[in-house]
Amino acid sequence: MANVVVVGAQWGDEGKGKVVDIYTEYADEIVRYQGGNNAGHTLVVGEEKVVLHLIPSGVLHAGKRCIIGNGVVLDPEVFIMEVNRLKSAGRLQDDASLLLSESLHIIMPYHKRLDIAREAQSGDKKIGTTGRGIGPSYEDKIGRRGVRLMDLLDPVVFARRLRENLDEKNVLLERLGEPALGYNEIYRQYQDYAETLKKYVADTALVLDRSLKAGKRLLFEGAQGTLLDVDHGTYPFVTSSSTCAGGAATGSGVSPRAIHEVIGISKAYVTRVGSGPFPTELLDETGEKLRQVGGEFGATTGRPRRCGWFDAMVIRYAVRINGLTGIALTKLDVLSGFETIKVCTGYRFDGQMLETLPAKLETFAACEPVYEELPGWQADITGVRAFGDLPENARRYVRRLEELAGCPIVMVSVGPRRDQTIILKNPFEA
């Protein structure tokens, strides 16, 4: 019985929410293992649009348990707002179906203030952070200064940690020209959060171990994308956590041996938010057409996404780093209407073809994409439900991407709704 990890195979925003929502039908438990509310997963169920930032996308399915693992950084205010919104919509009826790891780290007000202030002073070196406090929270985690959920639930421990952190963080804020934060207001506010959160808290690594031993099927949900991984992405223009498949084990407390399938989500083209190298970026009418037709505006920030042609170098890298066993190709319908479609098959730098993505940022930024051109199709494919019913050129495009990636395409999305999906192979039945 397979356990499946879903990861972004590009720079994020690939459509992981929809894919997780579809695969949830076959899973018993859905586990979010990294990131915070800097992620935005958009789901369309019928005519209803649901945007989730923290709670796993599987929450829209009755009878499933959703778990937020130790690798996540949690903003209590955002989590509580999301829970209340789901309850009001009748989407969350049983609190026992949602668990929080006692070991996850808490985003504090000083994290958000530092995040915004640092970015504001970065000038042309801006990373493109969402300002949600994600990076500073992970910084404190690695620096062993963080506040874990278990600390928040202990008033004495929380009081000590809050005072220690404010002594340090207020000095940093004042250096950045920001006013100091007061202890009392934060303490009272976060103790109120603790009262609400305590019913969701568990040793989730132990819970997952018991589930594995009971033969339950687990679905691990990542946020962001492979090229935003803090170790394997386009550093420093990355997020602050492990977005790759390896993060599913460390961010949830399960053994890597418990993972059987890894599905990488890739758009039929490429987008990126924020700064950093992007060899296939289109700064012309074609790029704007992709943005408008694809609705390429951030679910979390609303920022317009940078758009470009499909990059096979990026996908091959994602296949290797994650050990992908399949690719879910999204937004194929956005390419309908193009006379021809370009695909980047490789990079040229200083007159030489590169074998893989360069680690050095300056080299990556100077790479010249090498393209091949494929014929497009004009038909509206949003109503197609079988691969064989796609226009011939659409099928040829998908098969060429599969060939370039060196990995089978197991799902093709032709629209935002659940039913606008062609499943070629189910990883839970592998």
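Between Ala9 and Ala318, the shortest heavy-atom distance links the atoms O-CB, 3.5 Å. The shortest heavy-atom contact between Asn3 and Ala258 is ND2-O, 2.9 Å. Residue Val314 comes nearest to Leu357 through the heavy atom pair N-CD2, 4.1 Å, listed as atom of the first residue, atom of the second, then distance. Minimum interatomic distance between Pro279 and Pro369 (heavy atoms only, all atoms of both residues): O-CG, 3.4 Å. Heavy-atom minimum distance, Lys16 versus Gly8: CD-N, 3.4 Å. Scanning all heavy atoms of the two residues, the minimum distance from Leu176 to Ala117 falls at CD1-CB, 3.9 Å.
Contacts of Glu403 classified as salt bridge (Lys or Arg N to Asp or Glu O under 4.0 Å), with partners at least two apart in sequence or in another chain: Arg400. For the salt bridge (Lys or Arg N to Asp or Glu O under 4.0 Å) test, residues two or more places apart in sequence or in another chain that qualify with Glu296 are Lys267, Arg305, Lys331. In this structure Phe79 satisfies the ring-ring contact (aromatic ring centres under 6.0 Å, His included) test together with Tyr200, sequence neighbours excluded. Partners of Asn170 under the side-chain contact (heavy atoms from CB on, under 4.5 Å) rule, at least two apart in sequence or in another chain, are Leu166, Leu173, Ala180, Leu181. Here Arg145 pairs with Asp140, Glu168 under the salt bridge (Lys or Arg N to Asp or Glu O under 4.0 Å) rule; sequence neighbours left out. Residues meeting the salt bridge (Lys or Arg N to Asp or Glu O under 4.0 Å) test with Asp203, sequence neighbours left out: none. Applying the side-chain contact (heavy atoms from CB on, under 4.5 Å) test to Thr24 and every residue at least two apart in sequence or in another chain returns Val20, Ile30, His61, Lys64, Leu219.
Without hydrogens or angle criteria, Gln420 side chain to Arg417 main chain gives a donor-acceptor distance under 3.5 Å. In terms of modelled atom types and a separation under 3.5 Å, the side chain of Glu429 and the main chain of Pro427 share no donor-acceptor contact. Using modelled atom types, one side-chain atom of Ser336 and one backbone atom of Ala379 make a donor-acceptor pair closer than 3.5 Å. The backbone N or O of Gly36 sits less than 3.5 Å from a side-chain atom of Arg32, completing a donor-acceptor pair. Of the possible polar contacts, none joining the Asn37 side chain to the Leu54 backbone as a donor-acceptor pair under 3.5 Å is found. Panel note: side chain Arg65, backbone Val31; no donor-acceptor pair is recorded below 3.5 Å. Side chain of Arg272 to main chain of Pro277: a donor-acceptor pair is present (N/O by atom type, distance under 3.5 Å, no hydrogens or angles). The main-chain N or O of Ser103 is found under 3.5 Å from a side-chain atom of Ser101 such that the two form a donor-acceptor pair. Judged by distance alone, the side chain of Ser137 and the main-chain N or O of Ile134 form no donor-acceptor pair under 3.5 Å. Although no hydrogens or angles enter the test, the distance criterion places a donor-acceptor pair under 3.5 Å between the side chain of Tyr138 and the main chain of Gly35.
Taking 4.5 Å as the limit, every side-chain heavy atom of Leu227 sits out of range of all side-chain heavy atoms of Val238. For the pair Ser266/Phe310, a side-chain contact is recorded, criterion being any heavy-atom separation below 4.5 Å from C-beta on. Side-chain contact check for Leu98 versus Leu92: some heavy-atom pair is nearer than 4.5 Å. Under the 4.5 Å side-chain criterion, counting only non-hydrogen atoms from C-beta, Leu332 is in contact with Leu390. Val6 is not listed as a side-chain neighbour of Phe220, based on a closest heavy-atom distance of 4.5 Å or more. For the pair Val262 and Val4, the minimum side-chain heavy-atom distance is 4.5 Å or more. Taking the side chain as every heavy atom from C-beta outward, Leu282 and Leu290 approach each other to under 4.5 Å. Counting heavy atoms from C-beta outward, Ile106 and Tyr190 have side chains that approach closer than 4.5 Å.
Using modelled atom types and a 3.5 Å distance limit, the side chains of Thr271 and Trp11 yield no donor-acceptor pair. If you check the side chains of Lys141 and Ser240, you find no donor sitting under 3.5 Å from an acceptor. Side-chain contact check for Glu261 and Thr325: at least one donor-acceptor pair (N or O, by modelled atom type) lies under 3.5 Å. Residues Thr243 and Gln224 bring no donor and acceptor atom of their side chains to less than 3.5 Å of each other.
To the nearest 0.5 Å, atoms CD1 (Ile259) and CG (Leu218) are separated by 9.5 Å. Atom CD1 of Ile409 sits about 11.5 Å away from atom CD1 of Ile263, to the nearest 0.5 Å. Going from atom CG of Leu100 over to atom CG of Leu149 covers 6.0 Å, rounded to the nearest 0.5 Å. The CG atom of Leu99 sits 8.0 Å away from the CD atom of Glu29 when rounded to the nearest 0.5 Å. Annotation: the span from Lys216 atom NZ to Leu208 atom CG amounts to 11.5 Å, rounded to 0.5 Å. One finds the NZ atom of Lys360 at 5.5 Å from the CD atom of Glu362 (value rounded to the nearest 0.5 Å).
Listed by first and then second residue, the side-chain hydrogen bond (donor to acceptor under 3.5 Å, both in side chains) pairs that reach into residues 277-288 are Glu281-Arg306, Glu288-Arg291, Glu288-Gln292, sequence neighbours excluded. Every pair passing side-chain hydrogen bond (donor to acceptor under 3.5 Å, both in side chains) that includes a residue from residues 70-83 is listed here, sequence neighbours excluded: Asp75-Lys112. Screening residues 313-324 for side-chain hydrogen bond (donor to acceptor under 3.5 Å, both in side chains), with sequence neighbours left out, gives Thr226-Asn322, Arg320-Thr356. Annotation: salt bridge (charged side-chain N to carboxylate O under 4.0 Å, His left out) contacts involving residues 222-243, sequence neighbours excluded, are absent.
For Arg118 and Glu139, the salt-bridge test passes: some basic side-chain N is under 4.0 Å from an acidic carboxylate O.
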Solution key, residues 337-348 side-chain donor-acceptor pairs under 3.5 Å, sequence neighbours excluded:
| residue | atom | partner | partner atom | Å |
| --- | --- | --- | --- | --- |
| Thr345 | OG1 | Val370 | O | 3.3 |
| Tyr347 | OH | Asp311 | OD1 | 3.4 |
| Tyr347 | OH | Asp311 | OD2 | 2.4 |

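Ring centroid separation for the pair Tyr23 and Tyr26 does not come in under the 6.0 Å cut-off.
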| task | Report the C-alpha distance between Arg399 and Glu402 in whole Å, list the side-chain angles of each, state the deciding distance to 0.1 Å, and finish with yes or no for salt bridge (Lys or Arg N to Asp or Glu O under 4.0 Å). | result | CA-CA 5 Å; Arg399 292 310 183 200; Glu402 185 177 63; 3.2 Å; yes
| After noting the C-alpha distance and the side-chain angles of Asp13 and Arg303, does the key distance pass the salt bridge (Lys or Arg N to Asp or Glu O under 4.0 Å) rule? | CA-CA 12 Å; Asp13 307 309; Arg303 288 182 296 182; over 6 Å; no
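Exactly one of Thr382, Val293, Asp380 qualifies for a side-chain contact (heavy atoms from CB on, under 4.5 Å) with Asp333. That residue is Thr382.
The number of heavy atoms from other shown groups lying within 6.0 Å of CD (Gln352) does not exceed 12.
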